[in-house]
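I have placed the structure first, in the form of structure tokens, so that the comments after it can refer back to it.
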Amino acid sequence: QVTAITFVALGTSLPDTFASKQAIEEEEYADAAVGNVTGSNSVNVFLGLGLPWVIASIYYNAKGECYIVPSGTLSFSVTVFTILAAVCIMCLLALRVVQGGEIGGKYRYFFAALFCFMWVLYILISALNAYGHLPQFPGTENRCPCDCKNRGILPWARAPADVEGSCIAAGCAVP
């Protein structure tokens, strides 16, 4: 998981970074650069996550099995990301009010350093959580996916049912 939010994310985002830099240099307004970032991220989120989930769900449903992937530390990482993204948006709005634009100006080095710091902070907090050094959100611990027990579950997520019908998996039990 930590590899995904660092190396894989860098590999997919660095080309967008250079494209945004080029757009900033060639355009009068920052719209192309900001549009490139938001467009790229929306494709990553909506197509990069949504399309494989839809295809897998249709595939396993056709086989009569459930497609369940335990969330792990996803909710924690998304919450940290959302908070830091909200701070970023507030900074961009403040820059628009103070200097009339989002990019450049006399505060450019401060905000560039702040945004880089927020990325490092996100990785640090998410990694600490992934390795168990920070507590999970209540109700987000890995639970046994029992809502599909009669339809079959993916072999790696399957847990045997005991005599009362409870779902038991390694380290978790859900009635």
Side-chain angles (χ1 to χ4, degrees), residues 1-57 67-145 156-157 171-172:
Q1 178 181 356
V2 177
T3 302
I5 64 173
T6 54
F7 299 113
V8 175
L10 276 175
T12 61
S13 297
L14 281 179
D16 296 330
T17 303
F18 293 120
S20 293
K21 180 186 177 297
Q22 189 70 28
I24 289 171
E25 291 173 350
E26 293 179 4
E27 295 292 324
E28 181 180 358
Y29 300 105
D31 294 348
V34 175
N36 178 51
V37 170
T38 55
S40 172
N41 286 319
S42 64
V43 167
N44 288 341
V45 170
F46 300 131
L47 287 180
L49 290 175
L51 193 58
W53 283 349
V54 167
I55 292 170
S57 296
Y67 180 69
I68 298 175
V69 179
S71 65
T73 60
L74 180 65
S75 61
F76 185 89
S77 293
V78 169
T79 301
V80 171
F81 174 81
T82 302
I83 291 167
L84 293 174
V87 171
C88 180
I89 291 170
M90 287 188 279
C91 289
L92 292 175
L93 291 174
L95 281 172
R96 178 174 278 205
V97 170
V98 171
Q99 67 182 19
E102 291 87 6
I103 297 174
K106 66 180 183 178
Y107 303 110
R108 67 183 176 269
Y109 296 116
F110 170 77
F111 283 102
L114 176 66
F115 293 159
C116 289
F117 170 76
M118 288 194 309
W119 179 68
V120 170
L121 182 65
Y122 168 72
I123 291 171
L124 178 67
I125 291 172
S126 296
L128 287 172
N129 181 259
Y131 291 120
H133 297 292
L134 294 176
Q136 292 286 330
F137 287 155
T140 60
E141 56 278 341
N142 282 335
R143 288 179 287 197
C144 187
W156 52 268
C172 70

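Values in this document were obtained by computation on a predicted structure and should not be read as measured data.
- With a 4.5 Å cut-off on side-chain heavy atoms, Phe76 and Ile125 count as touching.
- Between Met118 and Cys88, the shortest heavy-atom contact is CE-CB, 3.9 Å.
- Here the closest non-hydrogen pair linking Leu114 and Cys91 is CD2-SG, 3.7 Å.
- Shortest non-hydrogen contact noted between Lys106 and Gln99 is N-OE1, 3.8 Å.
- Of all heavy-atom pairs spanning Ser77 and Tyr122, the tightest one is O-CE1, 3.4 Å.
- By the neighbour-count criterion of 12 heavy atoms within 6.0 Å, atom CZ of Phe115 is densely surrounded, having more than that number from other residues, nucleotides or ligands.
- Screening residues 81-96 for side chain to side chain donor-acceptor pair (under 3.5 Å) gives Arg96-Glu102 as the qualifying pairs, with residues at least two apart or on separate chains.
- When all heavy atoms are compared, the tightest approach of Leu134 to Asn129 is O-ND2, 3.5 Å.
- The aromatic rings of Tyr107 and Phe111 sit perpendicular, their planes meeting at an angle over 60°, well past the 30° parallel limit.
- Put simply, CG on Leu95 and CZ on Arg108 are 12.0 Å apart, with the number rounded to the nearest 0.5 Å.
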